[in-house]
There are 2 protein chains.
Amino acid sequence: MNVEKALQKLKEKGYKRTKQRERILDIFVKQDQYIAAKEILREIQTDFPGVSYDTIYRNLYMLTDVDILEATELGGEKHFRLGCETHGHHHHFICTECGKTKSIEFCPMENLNESLSGYDVENHKFEIYGKCPQCN
Amino acid sequence: MNVEKALQKLKEKGYKRTKQRERILDIFVKQDQYIAAKEILREIQTDFPGVSYDTIYRNLYMLTDVDILEATELGGEKHFRLGCETHGHHHHFICTECGKTKSIEFCPMENLNESLSGYDVENHKFEIYGKCPQCN
DNA sequence: ACTTTAATTCGTAATCATTCTTATTTTGAG
DNA sequence: CTCAAAATAAGAATGATTACGAATTAAAGT
């Protein structure tokens, strides 16, 4: 996924192209890791000193909504990363030091259909935390 | 796990017995589900109108520390429940309606040791969300 | 290019969970 | 009973997130 492709997708959905949005997308395309809202803000302020949290959050949630970003909660803060489109459903190892991730091409839900009969499964979360080889 | 057993465990670790602590434990023993700090506060205030959040959090964290409670983050809020001592490491289905849980006696980490060589795994989270048979 | 209109952003205030601080109270050992 | 350590109360502080009115801007049509 690159910035232009993402903006194209947004256009199809009726969202406008703004400098701030381009910049936000740019950050995610360049960094393959989970990023907190405040880091996005800090990064963007170098170009747009006036951006507000409202703009950051509104865009992050919107981008997550249209499946350009993925969101997760790390240590009480929401973090976002570019969605992986190369493969289907999967999970992540997440480095608690640098935020970089490694895809885990395995979903534990495959193993336990029968043990949840009677339950309406809506969602699940499987994340592995630790230090990546670089940070270790 | 019952209240007396828990208090006994605390005594062994050098923690004192207080009315507030008894009451907190009581709530967890009676409710087999994840509970947010504010719900604990509300419940306790019927008996101790003056309890502060400080007391709640201090105790919840302490009880988690000594493995009497388990903690997880649900929707940006920390939630706690009585630890399941009848079995070892396991995971949970969590009802998003009532907070009740069902133990999942299966850990996905067993399946992927080799794919994470070079990574220092510190922790993991596997939770299934949905509606339990009663709420469904 | 100009106008219109709705989307978007800015600036700031409000909210909510959690943590911190200080003074006071309680517990349990001796 | 006395005392020191532990625990609590009360409220302020913090930090992430959300909300909102006013101002700006993108883009679609004229």
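In what follows, chains are A, B, ... by sequence order, proteins preceding strands, each numbered from 1. Computed from a prediction, not measured in an experiment: that's the story for all the values here.
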Report yes if the side chains of B:Arg23 and B:Glu43 come closer than 4.5 Å at any heavy-atom pair, otherwise no.
yes

Side-chain N,O (A:Lys38) to OP1/OP2 (D:dG15) below 4.0 Å
no

For a side-chain contact (heavy atoms from CB on, under 4.5 Å) with B:Leu82, tell me which candidate from B:Leu69, B:Ile27, B:Leu63, B:Asp32 qualifies.
B:Leu69

May I have the distance from B:Lys11 (atom NZ) to C:dA29 (atom C1'), rounded to whole angstrom?
11 Å

Separation of A:Leu10 atom CG from C:dA7 atom P, in whole Å?
15 Å

Protein heavy-atom contacts under 4.0 Å, written 5' to 3' over nucleotides 3-12 of chain D as B (base), S (sugar-phosphate only) or - (none), form the string --BSSBBB--

Find the distance A:Glu73:CD to D:dT17:C1' and express it as a whole number of Å.
11 Å

Could you state the CZ-P distance from B:Arg17 to C:dA29, rounded to the nearest angstrom?
13 Å

List the atom of A:Pro108, the atom of A:Phe126, and the distance in Å for their closest heavy-atom pair.
CD-CD2, 3.5 Å

Would you mind checking if B:Glu73 and B:Lys125 are paired as a salt bridge, meaning a charged N to carboxylate O distance below 4.0 Å?
no

note: A:Gln8, atom CD; D:dA27, atom P; distance rounded to Å ~ 12 Å

In whole Å, what is the span from the CD atom of A:Glu22 to the P atom of D:dT25?
15 Å

Under the side chain to side chain contact (heavy atoms under 4.5 Å, CB included) rule, collect the residues that match up with A:Arg17, sequence neighbours excluded.
A:Glu4, A:Leu7, A:Glu22

Please report, rounded to the nearest Å, how far the C1' atom of C:dA7 is from the NZ atom of A:Lys13.
17 Å

Given side chains that start at C-beta, do those of B:Phe28 and B:Leu60 come closer than 4.5 Å, heavy atoms only?
yes

Between P of C:dT18 and CD of A:Glu77, the distance in whole Å
13 Å

